[in-house]
There are 2 protein chains.
Amino acid sequence: MARAATTSDAFNAVAEPRRREILSYLALRERPVGDIVIALQLEQPSVSKHLRVLRDVGLVRMRREGRRKLYRTNAEAIRPLHEWAGEFERFWRHQLNQVKERAEAKMAEANLKKKKEDS
Amino acid sequence: MARAATTSDAFNAVAEPRRREILSYLALRERPVGDIVIALQLEQPSVSKHLRVLRDVGLVRMRREGRRKLYRTNAEAIRPLHEWAGEFERFWRHQLNQVKERAEAKMAEANLKKKKEDS
DNA sequence: ACTATATATTCCTATATGGGCATATGTCAA
DNA sequence: TTGACATATGCCCATATAGGAATATATAGT
């Protein structure tokens with residue numbers, strides 16, 4: 001089996017750096033495709049394709065305005081990702097504590113040694 | 001250009017569902033490969049390959065113990081992902097408020113209408 | 001040295017890209 | 001209708017899978 005489609009879920013869609021840039025850019029306010037092309041210095045077809053992927057997984061929404069199409073980030077769709085990563089927060093906090101404790105233990109040990117030498 | 005390597009960064013590595021499962025499983029405590037095989041019902045070579053990817057991007061750490069290798073999740077490496085997604089939090093909060101405000105406006109309008117009918 | 005156990009790597013195949021380029025589609029304006 | 005503008009799609013190619021099967025590597029025990 002090959003790798004899962006980029007349109008299979010938000011995780012796969014945001015794996016691509018350009019798509020993450022597009023999401024950041026479109027989070028502030030809706031923009032036509034041409035603006036993205038200029039702002040991110042990408043080829044227009046490339047932008048359209050990335051937008052297609054992002055739309056398929058619900059990460060952006062679009063509305064037509066004349067001959068332009070205005071896209072905006074649907075932040076809500078990024079939430080599951082945030083929550084998944086958040087599950088690990090208590091673990092990295094714990095790991096940091098362990099590092100800190102080890103450092104403190106080392107300091108205490110060094111101090112004891114110094115005291116001995118002084119006496 | 002093809003899709004970026006799964007080992008290019010954490011975003012690409014966690015795009016694969018099985019790898020996310022492995023990370024969750026190894027977050028609780030270190031485990032030998034065989035345990036993962038049993039717990040997640042995967043082929044052993046498949047697990048080894050996933051672990052290889054996860055190791056390359058620093059998402060798991062390994063230490064040898066006799067003929068076994070004990071893996072554990074390095075939660076710290078998931079943090080950048082959490083922070084990236086967190087940048088969008090204010091946007092989805094805002095969007096939710098808009099939805100709520102629209103709903104409230106609608107309610108108010110309905111109430112006004114009802115009052116009119118009553119009078 | 002030999003055997004059993006635990007993991008890792010290699011080879012194969014089907015599939016899905018992402019970029020570049022050309023082209024199609026859709027919409028406004030005269 | 002014709003022309004210009006904005007966006008989307010199709011095609012080609014090089015690349016990177018993920019899974020399955022077979023095999024290689026490493027280590028413990030006898």
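Scope of the values below: all heavy atoms of this structure, side chains included, with no hydrogens, waters or symmetry mates. Values in this document were obtained by computation on a predicted structure and should not be read as measured data.
Judged purely by atom type and a 3.5 angstrom limit, Asp56(A) has no side-chain atom pairing as donor or acceptor with the backbone of Thr7(A).
Between Tyr71(A) and dA6(D) there is no side-chain N or O to OP1 or OP2 distance below 4.0 Å. Within the structure, a side-chain polar atom (N or O) of Arg19(B) is placed less than 4.0 Å from OP1 or OP2 of dA18(D). Checking the phosphate oxygens (OP1, OP2) of dT15(C), no side-chain nitrogen or oxygen of Arg3(B) falls inside 4.0 Å. Put simply, Ser46(A) has a side-chain N or O that comes within less than 4.0 Å of OP1 or OP2 on dG19(C). Taking 4.0 angstrom as the limit, Arg64(B) places a side-chain polar atom (N or O) nearer than this to OP1 or OP2 of dT27(D). Residue Ser48(A) has no polar side-chain atom (N or O) positioned under 4.0 Å from OP1 or OP2 of dT7(D). Within the structure, every side-chain polar atom (N or O) of Lys69(A) is placed at least 4.0 Å from both OP1 and OP2 of dA6(D).
Salt-bridge annotation for Arg93(A) and Glu89(A): present, with a side-chain N of the basic residue lying under 4.0 Å from a carboxylate O of the acidic one. Ionic pairing of Arg20(B) and Glu16(B) is not present here: no N-O contact between side-chain nitrogen and carboxylate oxygen is shorter than 4.0 angstrom.
Of the candidate nucleotides dG20(D), dG19(C), dT7(D), dT7(D) has the atom lying nearest to any side-chain atom of Arg68(A). Ranking dA16(D), dC21(C), dT27(C) by closeness to the Ala5(B) side chain, first place goes to dA16(D).
Residues Asp35(A) and Ala2(A) both approach DNA chain D. Their nearest nucleotides, taken by heavy-atom distance, put Asp35(A) toward the 5′ side. The 5' end of DNA chain C is approached more closely, in terms of each residue's nearest nucleotide, by Leu42(A) than by the other of Leu42(A) and Glu65(A). Nearest-nucleotide positions on DNA chain D for Leu70(A) and Met1(A) put Leu70(A) closer to the 5' end.
Rounding to whole angstrom units, CZ of residue Arg63(A) and C1' of dT7(D) are separated by 16 Å. Ile36(A) has its CD1 atom 14 Å from the P atom of dA6(D), to the nearest Å. Atoms CG (Asn12(A)) and P (dT15(C)) sit 18 Å apart, rounded to a whole Å. Following rounding to the nearest Å, Gln41(A) (CD) and dG18(C) (P) show an atom-to-atom distance of 20 Å. As a whole-Å value, the separation of Glu43(B) CD from dT10(C) P is 19 Å. If you measure from atom CZ of Arg31(A) to atom P of dA6(D), you get 16 Å, rounded to the nearest angstrom. The interatomic distance linking Leu26(A) (CG) with dT7(D) (P) rounds to 12 Å, in whole Å.
Using a 4.0 Å cutoff on non-hydrogen atoms, the parts of residues 49-57 of chain A near DNA chain D are Lys49(A), Arg52(A), ordered by number.
Within 4.0 Å (heavy atoms only), Gln44(B) reaches at least one base atom of the nucleic acid. Nucleic acid contact class of Pro32(B) (heavy atoms, under 4.0 Å, all strands): sugar-phosphate only.
Following chains of ILVMFWY side-chain contacts shorter than 4.5 Å, one cannot reach Leu26(A) starting from Leu70(A), and the two form parts of different hydrophobic clusters.
A heavy-atom distance below 4.5 Å is not found between the side chains of Val57(B) and Val14(B).
Note: Trp84(B) and Phe11(B) have perpendicular aromatic rings, judged against thresholds of 30 and 60 degrees for the angle between ring planes.
The neighbour count for Glu30(A) CD, taken as heavy atoms of other residues, nucleotides or ligands under 6.0 Å away, is above 12.
Looking only at atom types and distance, the side chain of Arg18(B) has no donor-acceptor partner in the side chain of His50(B) under 3.5 Å away.
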